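As structure tokens, the structure follows; a few thoughts come after it.
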Amino acid sequence: MTTQGDIIRLENITAGYLVVKRGLKGLLKERRIVLKNISLAVRDGERLAIIGESGSGKTTLLKVILGLLKPFEGKVFVAGKDIYALKWGQRILVLRQVGYVPQDPYRALNPSIRVKSILEEPLEALGIGDRDARVREALRLVQLSSEVLQMYPSELSGGMRQRVLIARAIIHDPEILILDEPTSALDVSIQAQVVNLINDIHRKLGLAVLTVTHDLGVAQYLADRAVVLYRGEIVEEGDMDSLIKHPRSDYTRILVSSH
Ligand SMILES: Nc1ncnc2c1ncn2[C@@H]1O[C@H](COP(=O)(O)OP(=O)(O)OP(=O)(O)O)[C@@H](O)[C@H]1O
Ligand SMILES: [Mg+2]
């Protein structure tokens, strides 16, 4: 069952990868479970952080949400639709509600494609028209000038690349912006700018923002509510302020005390 008002809802997700092992009778496929019994919701328009250390399963969780990794168990609802029960074509239509900024801005952009084409790519894939106006508006929102359109990714700084990736993620007007470690590859001086930009976009567009991060400070700036993931399980969930003031799980306490 889905509740109206949740742009994303995960119900009892157990997920991971099939890995090939050598057994007595030859090669065997074995389940490597990364996420265990995860249930969570992102409400319309809210800012939620998923906090977890490296290897805790954050990117795996995003793959499940993005329709790229079918869970072993459980259901994923995006905009109220059970996405893994849909055919591929319908799944794409539902995922139009989602904008995604991948983990590493240095590897995420195709080096041989100019920024203009990078921004137009999702519009083409989704069959959305009015491309010039959308490109202009997305650039305005990420505060880049139109000069970048003719540039290649190698000509951009890390901060500019991240802005291009954010522009690409919002260009089709999604209901949720999902960011995987949005600041960890950036210089400290640029991190605050990117965080402010994300909050600015949230205010202007009113979309939900889901940030995954290992950094409690980043979560504090980018979210009102947080879920703490430890070794693939949710160990704590709550309002950001009370989570920092009154951490309940041992792992959250360690996070807070080292912050
Ligand atoms: N394609 C894959 N096949 C098998 N195991 C994988 C695969 N991708 C990730 N894993 C394993 O799943 C676990 C979780 O990885 P994941 O990338 O989701 O973590 P993460 O929290 O995003 O880490 P980081 O903060 O370093 O990005 C790790 O142990 C990783 O080795
Ligand atoms: Mg990751």
Side-chain angles (χ1 to χ4, degrees), residues 8 10-23 27-40 42 47-74 76 78 83-84 95 98-109 158 161-162 165-166 168-169 176-188 190-191 194-195 198 209-223 225-237 240 243 247 249-252 254-256 258-259:
I8 305 276
L10 305 184
E11 289 181 0
N12 307 106
I13 294 294
T14 293
Y17 304 92
L18 287 175
V19 289
V20 178
K21 287 251 165 91
R22 195 177 293 277
L27 297 179
L28 298 169
K29 272 191 187 166
E30 201 173 81
R31 283 182 175 187
R32 166 135 194 238
I33 293 183
V34 175
L35 300 169
K36 289 161 227 151
N37 199 27
I38 302 281
S39 295
L40 64 85
V42 188
R47 298 185 310 153
L48 178 73
I50 295 175
I51 307 169
E53 62 186 3
S54 183
S56 58
K58 303 182 300 295
T59 300
T60 303
L61 185 62
L62 294 188
K63 286 186 203 162
V64 170
I65 293 174
L66 292 163
L68 301 172
L69 182 69
K70 191 171 194 282
F72 297 136
E73 284 167 44
V76 180
V78 175
I83 55 166
Y84 289 99
L95 291 170
V98 177
Y100 170 55
V101 177
Q103 183 158 3
D104 184 349
Y106 287 89
R107 285 197 309 181
L109 292 171
R161 281 171 195 233
Q162 194 61 307
L165 283 163
I166 294 171
R168 186 180 70 172
I176 182 167
L177 173 60
I178 298 179
L179 306 126
D180 192 350
E181 297 279 8
T183 59
S184 56
L186 303 175
D187 288 351
V188 175
I190 307 296
Q191 291 183 0
V194 170
V195 164
I198 294 164
V209 176
L210 172 61
T211 306
V212 313
T213 178
H214 68 280
D215 186 329
L216 193 60
V218 169
Q220 214 176 344
Y221 282 117
L222 282 176
R225 208 161 65 81
V227 168
V228 180
L229 197 64
Y230 182 67
R231 297 191 177 169
E233 289 182 81
I234 293 179
V235 292
E236 184 150 358
E237 181 171 2
M240 195 77 232
L243 191 130
S249 78
D250 291 344
Y251 176 64
T252 318
I254 293 170
L255 263 183
V256 171
S258 57
H259 173 53

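Counting starts at 1 for both ligands and their atoms, in listed order. Values below: every heavy atom of this structure, side chains too, minus hydrogens, waters and symmetry copies. On a predicted model such as this, the values are computed, not experimentally measured, just so you know.
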State, with a plain yes or no, whether a side-chain heavy atom of [X] is found less than 4.5 Å away from one of [Y].
X: I176; Y: L210; value: yes
X: E53; Y: Y251; value: yes
X: L48; Y: T211; value: no
X: R31; Y: L18; value: yes
X: H214; Y: I51; value: no

Set of salt bridge (charged side-chain N to carboxylate O under 4.0 Å, His left out) partners for K29, sequence neighbours left out: none
Non-neighbouring partners of R231 that pass salt bridge (charged side-chain N to carboxylate O under 4.0 Å, His left out), sequence neighbours left out: none
Under 2.8 Å from the Mg ion (ligand 2) - protein N/O/S, by chain and number: T59 OG1, Q103 OE1
Minimum-distance pair of heavy atoms, taken over all atoms of L243 and E236: CD1-CG, 3.9 Å
Q191 (side chain) donor-acceptor with L186 (main chain) under 3.5 angstrom: yes
Set of residues that line ligand 1, where lining means a heavy atom lies under 4.0 Å from it: Y17, V19, R32, V34, E53, S54, G55, S56, G57, K58, T59, T60, Q103, E181
